[in-house]
Amino acid sequence: MSFKPKPPRPMPEELAVLGPKLLEPASPYRLVGEQLYEQYDEADYVDLYHAEGKPAISPVLLSLVTAFQYMENLSDREAGEAVRIRLDWKYALHLPLEYAGFNFSVLSEFRDRVIKHQAEARLFERLLEQLQALGLIKRRGRQRTDSLAVLTKVRDLNRLELVAETLRLAVRALLAVDPVWTRATVPPTWEERYGERCVATRLSEEERKTLESEVGQDGQWLLERLQAETTPAVLRELPEVQTLSTVWSQQFEVVEEKIVFQAPGPYDGTTRIQTPHDPEARYSKKGEQSWVGDKLQVTETDDEGYPHLITDIAMTSSVDTDALALEGIQVRLEARGLLPREQLGDTAYISGPNLARSQKRGIDLIGPVPKGQSPQARMPDGITQDQFRVDWEAHVAICPADQVSNKGIRHSSGGTQFRFRKAACQTCPLRSRCCSGTGGRAITISPYHDLLQTARARQETENFKAVYRQHRGGVEGCLSALVRGHGMRKKRYIGQAKGHLQAMFTGVAADLRRAARWSAGGRPQVRRKGLGLVTVASTAT
């Protein structure tokens, strides 16, 4: 498709009369139609299209329709119908009343085009620029960050279902690309064995045992045929075949020349495929919560006198820690000119490297420092390394019993290890609280020791507790709103790239709602504490 940019459409006369009468002041469609739409430039999307071809529908129109779709959690078919019949959508998009819309399949094609050109964040970042210009985002203010578990759009599979479904999908892909080779190679008996999706609960005990003994051999046999020189190379490169090869390497092993399930061992959540229907989804666990899918990282503003607006939103792998995600969040905020003065996060985001990087960017990273993982940290009265003093000039550490360590040894990781003499530790009255082994105590001081110590000391102050309690909890409400209002608990599509697109356009939808409500005079409700039986006047009396 080709695309030639056009200037924004003016508001149709009939809509200019009807819109203000029928739409509430807090309507996000009114905000877009009256203040934002004419600022969008179609030239920003030229790189998504070819120079020649069939004329394309305006990418600005499709971008905003996608945002409206996620605002109301609509399907493609419902969104296509809304463009045709809804006055509020036409008011926002400056469409004439007689506009007949477009086929709903255009939305799917547009999403694929956006992902291909990595333009998922384009509308989100343009909206943030507009909201800054409207004075709705405070420069160098306070922001808060948290993450949300996002479930993949497929059912959970047990081990047998995983391998059987992987093989079935691989055969289906081979048939679609080269039916002649596939029918000549794959035994016809597989039609009965793998013709339908595997649901283990529907199988008898005998059928389950038979499938367990045959599926490994069948998959390995097919992989060997695919590696033959006479096999078309395109078949080996199919994503479903690549998934088949990975799953077989993860689930099976050769024992006495037979393919059998691997014995249970250490779990590698980073690479282990959980379902062939979404090979990028990973199993993860946080506290008591476990899920298969991805993780949504959300950062929103939190300044008095300003609305709470999302400044960064991203879909990441569920196995990526929050501490690892913070660097990317701050890099994106810096690129948008939206770095905060203060950033609040829970324990998962606080680490020595993050404190150092935040300080370098002029950000005060606020949150409780994680507890140590040493045996002493798990004791009620254990002596942790925080209680040791370090004399950097002498390059020695001093324990609470005033014993002096050997000279510190610098590690390649940047930390410094200090060891105390075994003889001194064995006769020490604090040994039971300090040493977990038979030798002397050894501690490793990280290069971020001072930053962590300062943060630990601050988190014990009443001011820290008040600020953290007042501001940190609000982001939980933001995540709840994304789940209840926009369906962000579950991905709409398969794959992390499409999940990230969903996240970006959901961020646009949420910010439009919040900005419209704030511009119309709406303010966050203040929760009443108590029953309200005692008035302010009677309390003063």
Side-chain angles (χ1 to χ4, degrees), residues 11 19-40 63-64 66-73 88-89 91-94 121 123-146 148 296 298-313 329 332-333 336-344 467 470-488 503-528:
M11 178 70 76
K21 292 181 180 179
L22 300 179
L23 298 182
E24 295 290 336
S27 169
Y29 303 112
R30 189 166 176 177
L31 172 67
V32 174
E34 295 178 357
Q35 299 188 54
L36 305 182
Y37 171 77
E38 292 187 355
Q39 299 178 29
Y40 292 114
S63 293
L64 289 170
T66 303
F68 298 165
Q69 174 187 9
Y70 293 165
M71 187 185 302
E72 302 191 21
N73 202 16
D88 52 356
W89 284 36
Y91 185 80
L93 302 169
H94 291 195
L123 181 63
F124 178 72
E125 293 177 346
R126 181 70 185 101
L127 176 62
L128 288 176
E129 292 174 2
Q130 293 175 308
L131 298 180
Q132 282 183 285
L134 291 174
L136 299 181
I137 300 178
K138 182 179 179 180
R139 179 174 174 79
R140 298 294 289 182
R142 177 187 290 118
Q143 298 182 25
R144 50 197 183 189
T145 300
D146 203 357
L148 172 73
L296 185 72
V298 181
T299 300
E300 70 167 0
T301 58
D302 181 29
D303 295 295
E304 187 175 352
Y306 293 83
H308 299 312
L309 297 174
I310 296 174
T311 55
D312 186 76
I313 185 168
I329 293 170
R332 293 189 293 271
L333 290 174
R336 296 168 186 151
L338 290 173
L339 278 180
R341 174 178 52 85
E342 295 178 347
Q343 186 172 11
L344 289 93
V467 170
Q470 179 181 358
H471 299 283
R472 174 66 188 84
V475 74
E476 298 289 347
C478 174
L479 298 179
S480 178
L482 292 176
V483 170
R484 293 179 290 106
H486 302 280
M488 277 307 302
M504 300 305 303
F505 279 89
T506 299
V508 172
D511 279 352
L512 284 175
R513 273 185 173 174
R514 298 177 182 194
R517 190 182 305 117
W518 185 273
S519 299
R523 297 295 181 267
Q525 294 181 350
V526 178
R527 290 184 178 180
R528 176 181 293 173

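In this text the structure is predicted, and so the values were computed from the model without any measurement. Just so you know, residue 1 is the first one in the sequence shown, and it goes up from there. The figures that follow rest on heavy atoms only: side chains count, while hydrogens, waters and symmetry mates do not.
- Annotation for Leu309 and Ala515: closest pair CD2-N, 4.1 Å, computed over non-hydrogen atoms.
- The two atoms that bring Met11 and Gly33 nearest to each other are CE-O, 3.8 Å, heavy atoms only.
- Counting non-hydrogen atoms of neighbouring residues, nucleotides and ligands closer than 6.0 angstrom, the CD atom of Glu24 reaches no more than 12 such neighbours.
- Ile137 CD1 to Tyr306 OH: the interatomic distance, rounded to the nearest 0.5 Å, is 10.5 Å.
- Side-chain atoms of Tyr91 and Val32, non-hydrogen and from C-beta on, never get closer than 4.5 Å to each other.
- Here the CG-CZ distance, from Leu131 to Arg126, works out to 10.0 Å after rounding to the nearest 0.5 Å.
- Every residue meeting the side-chain contact (heavy atoms from CB on, under 4.5 Å) condition with Gln35, not counting sequence neighbours, appears here in chain and number order: Leu31, Leu134.
- Between the CE atom in Met71 and the CG atom in Asp511 there is a gap of 10.0 Å [rounded to 0.5 Å].
- Put simply, the residue from Tyr29, Trp89, Tyr37 that forms a ring-ring contact (aromatic ring centres under 6.0 Å, His included) with His94 is Tyr37.
- Here the shortest heavy-atom pairing between Ile310 and Gly507 reads CD1-CA, 4.4 Å.
- Side-chain contact check for Val298 versus Thr145: every heavy-atom pair is 4.5 Å or farther apart.
- Partner of Asp302 under the side-chain hydrogen bond (donor to acceptor under 3.5 Å, both in side chains) criterion, chosen from Arg144, Arg142, Lys138: Arg144.
- Annotation for Arg140: atom CZ counts as buried by contact number, over 12 foreign heavy atoms lying within 6.0 Å.
- Between the CG atom in Leu339 and the CD atom in Gln143 there is a gap of 8.0 Å [rounded to 0.5 Å].
- Residue Glu34 comes nearest to Pro20 through the heavy atom pair OE2-CG, 4.2 Å, listed as atom of the first residue, atom of the second, then distance.
- There is no side-chain donor-acceptor pair under 3.5 Å between Thr311 and Glu300.
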Donor-acceptor contacts under 3.5 Å from residues 473-487 side chains, at least two apart:
residue, atom, partner, partner atom, Å
Ser480, OG, Arg484, NE, 2.8
Ser480, OG, Arg484, NH2, 3.4
Arg484, NE, Ser480, O, 3.4
His486, ND1, Tyr70, O, 3.0

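- From Ile313, atom CD1 reaches atom CG of Leu296 across 4.5 Å, with rounding to the nearest 0.5 Å.
- Across Thr301 and Pro307, no two heavy atoms sit closer than the pair OG1-O, 3.0 Å.
- With a 4.5 Å cut-off on side-chain heavy atoms, Leu136 and Ser519 count as touching.
- A pairwise comparison of heavy atoms in Pro28 and Ala516 identifies CA-CB, 3.6 Å as the closest pair.
- Using a 4.0 Å cut-off between a side-chain N of Lys or Arg and a carboxylate O of Asp or Glu, Arg336 and Asp312 qualify as a salt bridge.
- Using a 4.5 Å heavy-atom threshold, the side chains of His308 and Asp303 count as separate.
- If you take CD on Gln130 and CG on Leu123, they are separated by 8.0 Å, rounding to the nearest 0.5 Å.
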